[in-house]
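Structure first, then comments.
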Number of protein chains: 2
Amino acid sequence: MLSRKTRYGINALVYLTRHRDQGPIAITRIAEAEHIPAKFLEAILLELKNAGILASRKGKGGGYYLLRDPEKVRLSEIMRLFDGPIALLPCVTNKYYERCEECRDEATCGIRQVFQEVRDQTVRLLDQATLQEVLDRETRLQEESGPSKADQA
Amino acid sequence: MLSRKTRYGINALVYLTRHRDQGPIAITRIAEAEHIPAKFLEAILLELKNAGILASRKGKGGGYYLLRDPEKVRLSEIMRLFDGPIALLPCVTNKYYERCEECRDEATCGIRQVFQEVRDQTVRLLDQATLQEVLDRETRLQEESGPSKADQA
DNA sequence: CTTTTACCCTATCTACCAGATAGGATTTGA
DNA sequence: TCAAATCCTATCTGGTAGATAGGGTAAAAG
């Protein structure tokens with residue numbers, strides 16, 4: 001399972017993407033809109049800023065805004081930032097590789113091969129999932145489900 | 001990441017599958033062969049027994065052995081047993097479903113859709129991965145890498 | 001029927017960390 | 001100068017992963 005931190009982080013980023021024509025957005029506004037404890041969110045946004053994904057402005061009218069192009073920010077990156085490796089075994093990660101102590105021969109480990117495939121599939125999907133892509137999906141989903149009420153007029 | 005418990009559990013199960021023609025196998029033997037703390041392994045095997053996957057015999061010559069057909073034991077099942085849900089968000093699990101508090105409208109949530117796909121792919125692979133399948137992979141991998149030394153004679 | 005072997009079961013410990021809060025320092029705009 | 005907002009460090013709390021201790025119970029050997 002994703003940590004709360006990652007979940008909150010992703011939700012906040014999508015929110016910032018959705019409203020990125022409105023200038024800096026205050027922590028409290030995001031916190032209320034997305035139901036996230038404000039103080040906790042503060043720490044999360046700070047981390048995203050230090051990672052070069054967000055930027056901020058202090059003082060009145062200040063807040064956070066997206067620094068990078070929303071097509072360039074992938075969910076895989078956010079997850080790694082907060083939760084570390086995406087793979088389920090240390091021996092199948094690319095970015096955080098570590099040997100399994102209990103494993104004798106990596107090259108012929110059937111378990112490893114399975115989890116290598118799981119890892120590859122997962123990373124592929126999470127690399128495709130940029131902030132922009134998530135927004136686009138939202139729009140598409142609304143067009144599919146919304147019309148039943150809205151378009152009947 | 002998988003918990004140690006799950007990793008140890010899977011390794012022990014594969015070991016038991018590999019030697020399932022040898023009758024009951026003692027905890028200590030598995031522990032030594034797979035580099036697992038014996039006392040910890042004890043608890044793990046007990047849990048696998050209570051789950052109906054293993055059976056045991058006490059006394060001299062006793063130990064654990066596979067109760068179910070190795071083609072019927074899937075890694076997905078072991079993972080759920082020890083680590084709970086496989087999905088990364090509570091709102092995309094089938095067996096442990098729970099609403100995301102921060103999520104407003106599940107039907108149009110782009111984040112959810114992404115993680116639904118991740119979950120489906122992962123479960124598909126882990127359902128295919130039975131104990132027998134893991135053993136078969138081992139064999140195939142050995143045939144691919146081993147011959148360079150063994151077959152050159 | 002006693003000894004040995006090995007599983008069964010509960011309790012406990014330690015370290016760590018996720019999730020969250022407190023409170024003040026600093027910057028900015030009106 | 002005041003108010004709004006981020007910045008930053010410290011701290012708390014509960015839960016839990018990983019592991020160990022130790023005695024209870026069943027089975028087999030002789």
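In what follows, chains carry the letters A, B, and so on, assigned in the order in which the sequence lines appear, proteins first and then strands, with residues in each chain numbered from 1. Quantities reported herein were computed from a predicted structural model and do not represent experimental measurements.
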Revision key, fill the gap. Distance col, row B/L13:CG vs B/E77:CD, nearest 0.5 angstrom, shows 9.5 Å

Practice item. Establish, with yes or no, whether the OP1 or OP2 oxygen of D/dT6 is under 4.0 angstrom from a side-chain nitrogen or oxygen of A/Y65. Key: no

Check your understanding: Do the non-hydrogen side-chain atoms of A/P90 and B/R7 ever get within less than 4.5 Å of each other?
Key -> yes

Review point. Over how many whole Å does the gap from B/R7 atom CZ to D/dG18 atom C1' extend?
Key: 12 Å

Review point. With nearest nucleotides of DNA chain C determined for A/F82 and B/N50 from heavy-atom distances, which residue corresponds to the more 5′ nucleotide?
Key: B/N50

Check your understanding: Would you say B/D127's side chain and B/R74's backbone share a donor-acceptor pair under 3.5 angstrom?
Key -> no

Check your understanding: Think A/T28 has a side-chain N or O under 4.0 angstrom from the OP1 or OP2 of D/dA5?
Key -> no

Study note, to complete from the structure: Per side chain to side chain contact (heavy atoms under 4.5 Å, CB included), B/V118 is matched among B/V92, B/I86, B/L88 by B/L88

Practice item. Verify the contact: side-chain N or O of A/K49 to OP1 or OP2 of D/dC7, cut-off strictly under 4.0 Å; return yes or no. Key: yes

Revision key, fill the gap. To the nearest angstrom, the CZ-P distance between B/R29 and C/dT5 comes to 17 Å

Review point. How many Å lie between CG on A/D83 and C1' on C/dC16, as a whole number?
Key: 16 Å

**Study point:** salt_bridge(A/E138, B/R112) N-O dist < 4.0 Å
**Key:** no

Review point. Can you check the A/R57 CZ to C/dT28 P distance for me, whole Å?
Key: 10 Å

Exercise for review: Assign B/L45 to base, sugar-phosphate, or nothing according to its heavy-atom contacts below 4.0 angstrom with the strands shown.
Suggested key: nothing

With the criterion being N/O to N/O and under 3.5 Å, what pairs connect the protein with nucleotides 21-26 of chain C, and how long is each?
{"residue": "C/dG23", "atom": "O6", "partner": "A/K39", "partner atom": "NZ", "Å": "2.2"}

Check your understanding: Separation of B/I25 atom CD1 from C/dC7 atom P, in whole Å?
Key -> 11 Å

Review point. Does OP1 or OP2 of D/dA19 have a side-chain N or O of B/Y8 closer than 4.0 Å?
Key: yes

Exercise for review: Measure the distance from CG on A/L54 to C1' on D/dA5 and round it to the nearest whole Å.
Suggested key: 16 Å

Check your understanding: B/L67 has an atom CG; how far is it from atom P of C/dC7, in whole Å?
Key -> 16 Å

Review point. Between atom OH in A/Y64 and atom C1' in D/dA4, what is the gap in whole Å?
Key: 14 Å

Check your understanding: Picking from C/dC8, D/dG18, D/dA5, which would you name as closest to the side chain of B/S3?
Key -> D/dG18

Exercise for review: Output yes when A/E133 and A/R137 qualify as a salt bridge under the 4.0 Å nitrogen-oxygen rule, no when they do not.
Suggested key: yes

Review point. So, A/T139 and A/D136: side-chain donor and acceptor under 3.5 Å apart, yes or no?
Key: no

Exercise for review: Would you indicate, yes or no, if D/dA5 has its OP1 or OP2 atom less than 4.0 angstrom from a side-chain nitrogen or oxygen of A/S56?
Suggested key: no

